[in-house]
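Okay, structure first, notes after.
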Amino acid sequence: RQSPQDDGGDDGAPDGAHAAQHHDHQNFDRHIIVKHGGLDVGQRMTVQHTGHSGEESRQHEHHQLVIRHVDAVGFGVSVEDMQKLLKETGANLISGHIRPINEKTIDPMIAYHTQVGTKYLGQSADFYTGYDQLMERCEYYNWAGKKLSEHGIKFLIHNHYHEFQKLNGKEILFHIMDNTDPNYVSFELDTFWAMRGGMDPLAVMDRLGDRLKLIHQKDFSKTSDSPINLWTVNDPNVLVTWDSFGKGSDHKDFCEIGTGIMDIQSIINKGNELGAEYIVLEQDHTQLTQMESVRISMDSFHKFSGLDW
């Protein structure tokens with residue numbers, strides 16, 4: 001994903017307009033996640049349903065890669081089909097990203113995810129128009145987290161780079177942290193986007209502390225011509241919108257995880273120190289086929305310590 005628009009979420013339609021898409025879209029994003037004596041490891045990939053032959057191929061590739069846990073986006077799969085897929089592949093649905101979560105959509109979401117065993121649900125992206133609206137969103141996050149917690153599901157905030165813009169002298173992500181209930185709202189830090197938001201990912205992890213439950217790990221290409229810090233090409237004083245999100249970013253910024261410039265071992269070490277539960281290998285874009293990309297990332301990730309495969 002270059003932009004959060006690809007998360008299968010709101011495109012500006014009124015709240016609830018995408019509730020039917022929760023089941024109707026015929027694709028979803030998977031992350032292979034490996035459990036932690038250290039962190040659990042995961043790999044995200046998009047899977048398109050293409051009929052029987054595609055299903056057989058997808059399952060064959062899955063078994064070759066030994067996918068143990070899944071972090072998904074989109075959920076264009078019925079409960080029955082998802083349960084069948086998880087059973088046949090031996091995977092577990094650890095977490096998912098869905099947008100919008102609101103009064104119209106939350107009950108069907110809870111019904112779906114309690115049946116397939118999802119542990120975490122998060123709003124994949126949000127945009128802010130000012131401090132007052134941000135505070136309203138924090139109230140909403142608390143509401144969603146409380147509602148999900150009543151059914152054994154934990155609510156996560158997932159970041160991109162624009163949550164590191166400042167309002168009233170403080171980064172948006174830290175406003176969210178300070179104005180939400182730790183009992184109901186936890187965090188899934190995307191270290192790549194934190195870095196591209198001008199932050200030190202390790203410092204952000206320290207700030208989130210034990211509220212950091214999942215880590216999304218991408219990698220930034222050694223050959224990219226794009227700036228690492230997107231605030232060098234975007235005005236940090238102008239709030240990022242849905243339409244302006246992609247400015248300064250390119251598909252070729254993304255490389256297979258473990259082959260780029262990010263200090264992933266330090267991120268793993270910090271995640272273990274803080275007690276984070278999973279690290280998810282997330283490939284937004286690749287110049288290769290999906291399965292080639294997944295294999296390279298998994299092979300590269302085996303060079304790191306502090307992980308339990």
Side-chain angles (χ1 to χ4, degrees), residues 1-2 29-47 60-72 89-92 94-95 158-159 187-197 199-206 208 212-226 228-229 249-309:
R1 293 183 288 109
Q2 182 183 11
D29 235 10
R30 280 200 276 162
H31 305 35
I32 305 161
I33 303 179
V34 183
K35 187 68 181 167
H36 103 202
L39 283 166
D40 299 350
V41 181
Q43 174 77 49
R44 167 178 275 180
M45 57 183 174
T46 302
V47 180
H60 178 64
E61 297 281 11
H62 171 284
H63 285 298
Q64 287 182 324
L65 289 169
V66 193
I67 302 172
R68 302 189 185 281
H69 306 288
V70 176
D71 179 321
T89 57
N92 298 303
I94 297 301
S95 59
H158 173 273
N159 68 285
F187 291 85
E188 178 177 43
L189 180 68
D190 190 308
T191 60
F192 174 96
W193 286 123
M195 179 184 74
R196 301 210 72 187
M199 305 296 287
D200 174 359
L202 299 181
V204 178
M205 293 171 75
D206 271 330
L208 295 175
L212 175 63
K213 304 302 182 185
L214 275 72
I215 300 165
H216 267 192
Q217 188 61 51
K218 306 177 180 63
D219 213 344
F220 190 88
S221 175
K222 296 175 181 177
T223 61
S224 173
D225 294 327
S226 300
I228 295 174
N229 184 346
S249 185
D250 186 89
H251 288 193
K252 293 182 180 179
D253 298 344
F254 301 87
C255 65
E256 280 54 52
I257 299 106
T259 68
I261 67 168
M262 294 193 72
D263 184 3
I264 294 174
Q265 185 62 66
S266 292
I267 291 168
I268 293 169
N269 294 345
K270 181 61 69 175
N272 281 322
E273 175 189 327
L274 296 173
E277 193 167 357
Y278 299 98
I279 185 166
V280 176
L281 309 191
E282 183 180 28
Q283 190 73 43
D284 286 24
H285 301 285
T286 181
Q287 308 306 305
L288 309 173
T289 68
Q290 290 181 5
M291 300 312 299
E292 288 172 336
S293 176
V294 169
R295 286 194 181 91
I296 290 172
S297 290
M298 291 188 75
D299 288 345
S300 296
F301 230 68
H302 274 89
K303 69 187 178 185
F304 300 121
S305 62
L307 303 168
D308 183 357
W309 294 87

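Quick note: numbers below take in every heavy atom, side chains included, and nothing from hydrogens, waters or symmetry partners.
- Not a single donor-acceptor pair under 3.5 Å links the side chain of Asp219 to the backbone N or O of Cys255.
- To the nearest 0.5 Å, atom CD1 of residue Ile261 and atom CE of residue Met195 are 4.5 Å apart.
- With rounding to the nearest 0.5 angstrom, the CG atom of Leu288 is 11.5 Å from the CZ atom of Arg295.
- With a 4.5 Å cut-off on side-chain heavy atoms, Leu307 and Asn272 do not count as touching.
- Ion pair Glu273/Lys270 flagged as a salt bridge, since at least one NZ, NE, NH1 or NH2 atom sits closer than 4.0 Å to an Asp/Glu carboxylate oxygen.
- Side-chain contact between Asp71 and Ile94: absent, with no pair of heavy atoms (C-beta onward) separated by less than 4.5 Å.
- The structure places CZ of Phe304 at 9.0 Å from CD1 of Ile267, a figure rounded to the nearest 0.5 Å.
- Atom CD1 of Ile257 sits about 8.5 Å away from atom OG of Ser300, to the nearest 0.5 Å.
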Worksheet item: Under the side chain to side chain contact (heavy atoms under 4.5 Å, CB included) criterion, do Tyr278 and Glu188 qualify, and how do the steps go?
Response: CA-CA 9 Å; Tyr278 299 98; Glu188 178 177 43; over 6 Å; no
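- Rounding to the nearest 0.5 Å places CD of Glu277 at 9.5 Å from OG of Ser95.
- The aromatic rings of Phe254 and Phe192 lie parallel to each other, their planes meeting at an angle below 30°, with 60° marking the opposite boundary.
- Under the 3.5 Å distance criterion, with hydrogens and angles disregarded, no donor-acceptor pair is assigned to the side chains of Ser226 and Asp250.
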Item to complete: Just do the side chain to side chain contact (heavy atoms under 4.5 Å, CB included) check on Asn159 and Val204 with the steps written out, would you?
Response: CA-CA 11 Å; Asn159 68 285; Val204 178; over 6 Å; no
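- Of the candidates His216, Gln217, Arg196, Thr191 forms a side-chain hydrogen bond (donor to acceptor under 3.5 Å, both in side chains) with just one, namely Gln217.
- Minimum interatomic distance between Ser305 and Ile268 (heavy atoms only, all atoms of both residues): O-CG2, 3.3 Å.
- The closest side-chain donor-acceptor pair between Ser293 and Glu256 falls under 3.5 angstrom.
- Considering all non-hydrogen atoms of both residues, Met262 and Pro201 come closest at CE-CG, 4.4 Å.
- Atom CG of residue Asp253 and atom CD1 of residue Ile228 lie 9.5 Å apart, to the nearest 0.5 angstrom.
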